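Accompanying notes for the structure given below.
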Amino acid sequence: MGQNSHHQDMAARVQTLRQQLQQASYEYYVLDAPTLPDEVYDRLYRELQELETAHPELITPDSPTQRVGEKPATQFTSVRHNIPLYSLENAFDLAEFRAWEDRWRRQAPEVGPVEYVAELKIDGSALALTYENGLLTRAATRGDGITGEEITQNVKTIRTIPLRLNTDTPPPIVEVRGEAFLPLDVFATINQERTTNGEPPFANPRNAAAGTLRQLDSRIVARRRLDFFAYTVHMGSPTPHPPTSPPPHLPTSQWQALQLLQSLGFRVNPNRQLCQSETEVQDFFNTWATARTRLQYMTDGVVVKLNDFALQQRLGFTQKFPRWAVALKYPAEEVPTVLEQVSFQVGRTGAVTPVAELRPVQLAGTTVARATLHNADRMAELDIHQGDTVIVRKAGEIIPEVVRVLADLRPAEAQRVTMPQSCPECGSTLVKPEEEAVTRCINTSCPAIVQGAIIHWCRRDALDIEGLGEKWVKQFVEQGLVQSVADLYDLTVEQLLPLERMGQQLAEKLVGAIAASKTRPWASVLYGLGIRHVGTVNAKTLTQHFPTVEALASADPDAIEAVHTIGPEIAQAVFQWFRVPANQTLIQRLQQAGLQLSASQAEPQNADQGALAGKTFVLTGTLPNLTRTAAAALIEAAGGKVTSSVSKATDYLVAGEKAGSKLTKAETLGITVLSEAEMVEMVGEGS
Ligand code: IVH
């Protein structure tokens with residue numbers, strides 16, 4: 001009895017210490033308004049540490065002592081985001097901003113004046129934080145937007161990220177997104193240290209932040225003082241709460257969401273504004289153009305979001321971007337360098353792109369040795385000559401471009417650079433239609449085009465042929481083994497064996513992977529064909545309305561354009577593609593090879609709403625891989641609903657081990673019972 005109450009006292013003391021430390025740290029780091037003298041904080045922290053060392057059973061994952069990092073991990077595991085992390089469309093001037101505005105207004109013509117939220121665009125690294133029942137359980141990098149890496153240990157060292165949400169009634173799942181960044185002074189210190197230690201300095205704070213987040217030793221991360229601004233919060237459907245403690249109000253606008261994030265304990269960038277007009281947005285942008293240089297972190301623009309969530313939801317997303325937001329970018333850095341020569345690259349569509357090979361130069365933190373010259377018209381406009389001094393700049397995020405030529409500095413007798421007459425890859429005559437900017441090779445068996453088409457076919461989001469990367473495709477084409485994607489399905493292990501660095505096992509694996517691609521759905525096949533303007537989203541839309549290749553191939557442009565979100569340009573491209581005899585042969589051969597050129601029964605008819613739209617699920621028992629919350633999130637992400645008890649309204653019961661009365665009830669009601677694997681498969685079919 002005495003033992004017991006002693007333990008209770010201790011537990012209570014630990015609890016108090018944690019609350020005091022958590023509050024002090026919030027005031028210090030998030031509010032930047034310390035209330036506790038450092039010595040007092042240190043004393044309380046040591047007391048907590050001692051108590052926890054003596055009683056490890058009292059340690060909780062949200063204890064302030066858990067922010068110091070752990071011993072090195074060997075690697076990160078990849079995680080699939082329940083909701084993809086989209087990127088933002090850029091606008092580089094007022095005209096582009098207005099074009100964005102026109103576009104969304106066309107989609108919502110009756111909408112009058114709107115409110116915008118203007119936020120600074122932080123140049124760091126995006127993070128997705130998952131809170132289960134209020135507790136931070138997972139932090140992931142953006143990755144490619146669909147899958148990222150799990151870096152929870154590292155993220156726990158960021159003091160401005162709460163380990164527990166500041167609410168007594170947390171929804172079961174909350175996902176917070178925002179930007180992790182390195183304050184500029186920390187960046188400078190790190191680089192000084194690296195230089196002293198003979199290590200290469202980080203190119204810029206963004207790389208330094210990204211590199212730090214992916215450090216395997218979280219103790220190093222803890223020393224680097226990363227910081228975080230939150231900008232998005234997703235809350236799953238609120239599950240029943242006791243009536244006495246209502247859940248936090250679901251925000252209905254971005255402005256409210258930012259306030260909610262703040263109240264949940266996050267640092268939210270204070271430099272934001274609820275704007276009532278485009279002029280106010282412009283003023284905000286102009287004010288920060290100079291003011292941002294005084295901030296302790298890097299910004300590269302202003303993110304403008306439509307405030308109203310209902311309107312946001314209505315506008316939705318393109319393949320990559322939300323239609324309800326745009327990034328107004330500050331002009332990019334420009335530097336001069338010397339053009340050494342121009343090379344010409346042939347892409348998968350036959351488009352020939354002139355590329356400037358430059359004397360390497362530092363630009364916005366990275367070394368630039370090549371830059372695009374876009375096309376023949378652009379080259380003519382620049383009047384570019386061999387050996388010219390040129391100004392390069394980073395267009396948007398990644399690809400540098402030549403923006404100007406300093407003609408005064410041109411060497412005497414320098415030769416003007418022009419487009420070649422014939423394809424640098426196959427020698428056939430290039431064509432440039434008057435009205436188009438692009439110069440093309442139209443030889444369908446040009447190795448560059450064939451190679452590009454096959455690489456596209458093998459992509460993860462197309463036919464997903466594992467292991468068949470650029471290196472092998474190149475060899476296949478060079479050795480004359482394949483001339484089109486259809487040839488892949490005739491390849492044999494024996495044919496592959498003579499290739500350099502090929503072995504029996506690998507050859508078998510590749511042939512197997514190619515065969516496996518025959519099961520990919522019609523939408524993936526259509527995307528894989530590489531028809532202009534047909535990305536994954538359009539491919540999916542088209543296959544929903546044209547469930548067989550015959551239906552699509554025989555549709556006239558009007559019929560194709562009649563599909564919602566398919567414009568005339570796309571319709572023309574699709575129509576024309578199916579008129580080319582070589583493409584008709586290709587389709588026949590793919591059909592013979594056994595690829596899916598029609599939608600199977602299992603494919604959902606309305607993927608806009610997700611594969612499980614309208615379906616109600618109940619989870620029971622222990623699932624082999626997923627936690628309950630993760631399984632529920634997956635189902636909800638695919639449009640399904642998860643409820644807690646089995647009734648006639650239940651469509652599926654997902655049952656794991658030790659399933660009890662719910663299983664019995666489902667069986668008596670004749671409800672379909674799924675395993676975890678079956679449920680995952682159903683979710684996957686929609687995506
Ligand atoms: S909103 C779907 N807000 O910029 C909404 N992004 O170029 C997309 N970023 O990947 C993000 N500051 O990492 C948003 N205030 C802000 C931001 C911000 C920085 C980053 C973010 C995103 C990238 C897109």
Side-chain angles (χ1 to χ4, degrees), residues 81-92 96-97 100 104 116-129 139-149 151 155 158 160-161 175-183 204-207 209-210 213 226-234 251 253-255 257-262 266-275 281 284-285 288 292 295-309 311-330 332 364 394-399 637:
H81 297 297
N82 292 327
I83 311 160
L85 270 81
Y86 288 89
S87 77
L88 290 168
E89 184 178 350
N90 289 324
F92 290 96
E96 287 184 10
F97 177 74
W100 166 77
W104 76 253
Y116 294 103
V117 176
E119 298 168 29
L120 289 184
K121 187 169 187 302
I122 313 300
D123 199 11
S125 208
L127 288 184
L129 312 174
T141 60
R142 175 174 192 278
D144 61 3
I146 306 291
T147 40
E149 285 177 316
I151 50 161
V155 167
I158 304 177
T160 45
I161 292 182
E175 188 164 319
V176 171
R177 290 168 178 192
E179 203 80 352
F181 62 95
L182 267 185
N204 54 44
R206 177 173 9 117
N207 291 1
L213 285 169
L226 279 163
D227 206 337
F228 179 80
F229 282 126
Y231 52 63
T232 312
V233 53
H234 294 282
S253 68
Q254 173 64 8
W255 194 251
L258 294 174
Q259 278 159 340
L260 172 66
L261 281 165
Q262 215 159 355
F266 290 91
R267 189 166 180 213
V268 174
N269 195 304
N271 307 313
R272 58 181 191 263
Q273 192 180 318
L274 184 59
C275 300
V281 171
F284 183 88
F285 179 77
W288 285 101
R292 71 193 180 110
L295 294 171
Q296 262 311 307
Y297 45 84
M298 283 278 269
T299 53
D300 56 345
V302 169
V303 183
V304 185
K305 302 173 186 172
L306 288 174
N307 189 33
D308 181 17
F309 279 173
L311 184 52
Q312 285 192 4
Q313 193 165 10
R314 196 173 139 198
L315 296 174
F317 297 82
T318 70
Q319 210 159 322
K320 288 197 208 133
F321 313 124
R323 295 200 181 85
W324 41 263
V326 69
L328 261 174
K329 300 290 286 272
Y330 290 113
K394 281 213 180 155
E397 282 298 300
I398 309 150
I399 319 150

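Remember, predicted model here, so these are calculated numbers, not experimental data. Just follow the structure's listing: the first ligand is 1, and inside any ligand the first atom is 1.
Here's the thing with P322: none of its N/O atoms is less than 3.5 angstrom from an N/O atom of ligand 1. Note: no N/O pair closer than 3.5 Å links V303 and ligand 1 by distance alone.
Of all atoms in ligand 1, numbered sequentially from 1 with element shown, those under 4.0 Å from a heavy atom of E119 are 3 (N), 15 (N), 16 (C). Against a heavy-atom cut-off of under 4.0 Å, L120 is close to the following atoms of ligand 1: 12 (N), 15 (N).
Of all the heavy atoms of T232, none lies under 4.0 Å from any atom of ligand 1, so neither backbone nor side chain is involved. The proximity of K121 to ligand 1, defined as any non-hydrogen pair under 4.0 Å, involves the side chain as well as the backbone. Proximity of L88 to ligand 1, defined as any heavy-atom pair under 4.0 Å, is shared by backbone and side chain alike.
For A327, the closest heavy-atom approach to ligand 1 does not fall below 4.0 Å. The shortest separation from a heavy atom of N90 to ligand 1 is not under 4.0 Å, leaving the residue out of contact.
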Item to complete: Take F97 and F285 through the ring pair (Phe, Tyr, Trp, His ring centres under 6.0 Å) test and state the conclusion after the steps.
Response: CA-CA 12 Å; F97 177 74; F285 179 77; 9.0 Å; no
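Remark: R272 qualifies as a cation-pi partner of W255 under the 6.0 Å distance and 45° angle criteria applied to the six-membered ring.
Residues L295 and N271 have side chains in contact (heavy-atom distance under 4.5 Å, counting atoms from C-beta outward).
E119 is linked by a side-chain hydrogen bond (donor to acceptor under 3.5 Å, both in side chains) to Q254, K305, counting only residues two or more places apart in sequence or in another chain.
Using a distance-only test at 3.5 Å, with no hydrogens or angles considered, no donor-acceptor pair links the side chain of E175 to the main chain of H234. Under a 3.5 Å cut-off, the side chain of W288 and the backbone N or O of G301 do not form any donor-acceptor pair. Looking at R206, its side chain never comes within 3.5 Å of a backbone N or O of D123 through a donor-acceptor pair.
Comparing heavy-atom distances from atom 14 (C) of ligand 1 across E89, K305, R272, R142 singles out K305 as nearest. Selection from Y231, F317, W324, F321 by nearest heavy atom to atom 21 (C) of ligand 1 gives Y231.
Between W324 and F317, the ring-plane angle classifies as perpendicular under the 30° and 60° cut-offs.
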